[in-house]
Amino acid sequence: MPKLSVGTAMTLLVIGNLIAVFSDALIKTLSQDVAVYQFVLFRQISAVAILLPLCFFATKAPLLPGLKWHILRGHIWLLGAIFMVFAISAMPLATANAIFYAAPLLMLPFALIIFKEQLSNQAITVAILGFIGVLVVIRPTYIDWAAIAAFIVAITMAINNLLIRKLPKKQNVFQTLMMTNIVGIPVAFSLAVWEGKPWDFAPMLTAAGSSSFILIYAGICIIAYRSGQVSKIASAEYSGLLCAVAVGVIWFDEVPDLTMLVGTILIIAPLIWLAKVEARNKGIAA
């Protein structure tokens, strides 16, 4: 796969995050008494069903190389999916997404520790301002179980995106996504059985729709984070927050207050500035 420019990778992440919000919106439509583990299992199964024919027609590579990393990522992905349902069900869509977007900040120290990436002053500044924006949105006094669940989602997103670089590059995106989902099915099924609720297949269509959107996002992440430096492109993840605000207003009548707007500006404005800095630096380098 050719190396993407920082601008292209960031653009892809912006598109991916906008699409991912619709997966969250579908989860938000679930009833409060939905069997969470069943729903997560349905998401895993529907994702594999979507990906199998795509893997069949795409260029194939052996699946066993990198299996330990697929297993690790698959179960981190499963953990994030479970806590995502809890968080989105209990919080306004934009607020939950604001906490999810702590992930780019978490990726910076992780990238420094795991991959020894050098962090530019601009990237650090953007990440800090973005995280301040997240804190403004949630307010420390607002932190409860749902906020903790959303922060766990952010941690799983950060780790999963970083571990993409451990996966075999010869495996195509469809294979990578299928392995991520298929390895988690046994645990997801065990949790659904342990949950002890009567089997209800009514949410299956919602699960399939949610899977479709999140697979597009996950595939874009694989392409972007394989091709660009984490510290330079991770801030593009913040862009989906604007879409989350809009969907929350239009779909769920969740009108943001002044604090939400201020926090959103703190998250988005530095991202625009970073993109301009990277474009200027590229022009000077050329």
Side-chain angles (χ1 to χ4, degrees), residues 19-56 70-97 99-100 142-157 159-160 174 176-219 240 244 247-248 250-254:
I19 293 171
V21 171
F22 292 99
S23 172
D24 298 344
L26 286 174
I27 294 173
K28 188 73 175 174
T29 63
L30 296 172
S31 63
Q32 292 293 322
D33 59 348
V34 68
V36 173
Y37 296 125
Q38 282 186 35
F39 178 76
V40 172
L41 173 63
F42 295 157
R43 278 202 3 158
Q44 301 282 107
I45 293 173
S46 60
V48 172
I50 292 168
L51 291 164
L52 269 176
L54 297 175
C55 289
F56 181 78
H70 285 303
I71 292 173
L72 178 59
R73 287 189 75 251
H75 288 90
I76 293 173
W77 176 271
L78 176 63
L79 180 68
I82 291 169
F83 280 98
M84 182 177 290
V85 176
F86 286 131
I88 292 175
S89 299
M91 305 176 72
L93 190 63
T95 304
N97 272 268
I99 304 175
F100 297 162
Y142 184 77
I143 295 177
D144 55 10
W145 162 243
I148 293 172
F151 193 70
I152 292 173
V153 174
I155 294 173
T156 63
M157 290 170 64
I159 296 174
N160 249 332
F174 302 133
T176 300
L177 291 174
M178 188 179 72
M179 291 297 292
T180 299
N181 284 277
I182 203 169
V183 297
I185 287 179
V187 172
F189 178 76
S190 299
L191 288 171
V193 172
W194 173 80
E195 192 172 23
K197 291 189 176 182
W199 288 93
D200 179 11
F201 294 95
M204 177 64 85
L205 187 59
T206 302
S210 176
S211 287
S212 299
F213 288 122
I214 208 65
L215 284 175
I216 297 173
Y217 164 73
V247 172
I250 296 171
W251 202 336
F252 303 104
D253 295 323
E254 299 171 349

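Everything numeric in this text was worked out from a predicted model, so none of it was measured. Just so you know, these numbers use all the heavy atoms, side chains as well, and skip hydrogens, waters and symmetry mates.
Between the side chains of T180 and R73, at least one donor N or O lies within less than 3.5 Å of an accepting N or O.
Between F151 and F100, the gap from one ring centroid to the other reaches at least 6.0 Å.
The closest side-chain heavy-atom distance from T206 to F39 is below 4.5 Å. Side chains of L78 and N181 form no contact here, defined as non-hydrogen atoms less than 4.5 Å apart. In this structure the side chain of F189 reaches within 4.5 angstrom of the side chain of L41, judged on heavy atoms. No side-chain heavy atom of I76 sits less than 4.5 Å from a side-chain heavy atom of M157.
The distance from the CG atom of L54 to the CG atom of L177 is 9.5 Å, given to the nearest 0.5 Å. Here L215 contributes atom CG and S46 contributes atom OG; the two are 7.5 Å apart, rounded to the nearest 0.5 Å. From S23, atom OG reaches atom CD1 of I88 across 7.0 Å, with rounding to the nearest 0.5 Å. A distance of 12.0 Å separates CD1 in I45 from CD1 in I50, rounded to the nearest 0.5 Å. Distance CD1/I185 to OG/S190: 11.5 Å, rounded to 0.5 Å. To the nearest 0.5 Å, the span separating OG1 on T176 from CZ on F174 amounts to 10.5 Å.
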**Asked** Would Y217 and I19 count as a side chain to side chain contact (heavy atoms under 4.5 Å, CB included) if you check the C-alpha gap in whole Å, the side-chain angles of each, and the deciding distance to 0.1 Å?
**Response** CA-CA 7 Å; Y217 164 73; I19 293 171; 5.5 Å; no
Stepwise side chain to side chain contact (heavy atoms under 4.5 Å, CB included) test for Q44 and V187
CA-CA 11 Å; Q44 301 282 107; V187 172; over 6 Å; no
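Pairing each heavy atom of A146 with each of A87, the nearest pair is O-CB, 3.8 Å. Here the shortest heavy-atom pairing between I214 and R43 reads CG2-NH2, 4.2 Å. For K197 against D33, the heavy-atom pair with the smallest separation is NZ-O, 3.5 Å. When every heavy atom of A49 is checked against every heavy atom of P53, the shortest pair comes out as O-CD, 3.2 Å. The two residues D24 and M84 make their nearest non-hydrogen contact at OD1-SD, 3.5 Å. Across all non-hydrogen atoms, the minimal contact from P203 to V34 is CG-CG2, 4.2 Å.
Although no hydrogens or angles enter the test, the distance criterion places a donor-acceptor pair under 3.5 Å between the side chain of E195 and the main chain of Q38. Of the possible polar contacts, one joining the K28 side chain to the M91 backbone as a donor-acceptor pair under 3.5 Å is found.
Taking the six-membered ring for Trp and thresholds of 30 and 60 degrees, F83 and F86 have ring planes more than 60 degrees apart, a perpendicular arrangement.
For S89, the side chain to side chain contact (heavy atoms under 4.5 Å, CB included) test picks out V85, with sequence neighbours left out. Residues passing the side chain to side chain donor-acceptor pair (under 3.5 Å) test with T156: none are found, sequence neighbours excluded.
Heavy-atom neighbours of L205 CG from other residues, nucleotides or ligands within 6.0 Å: at or below the threshold of 12.
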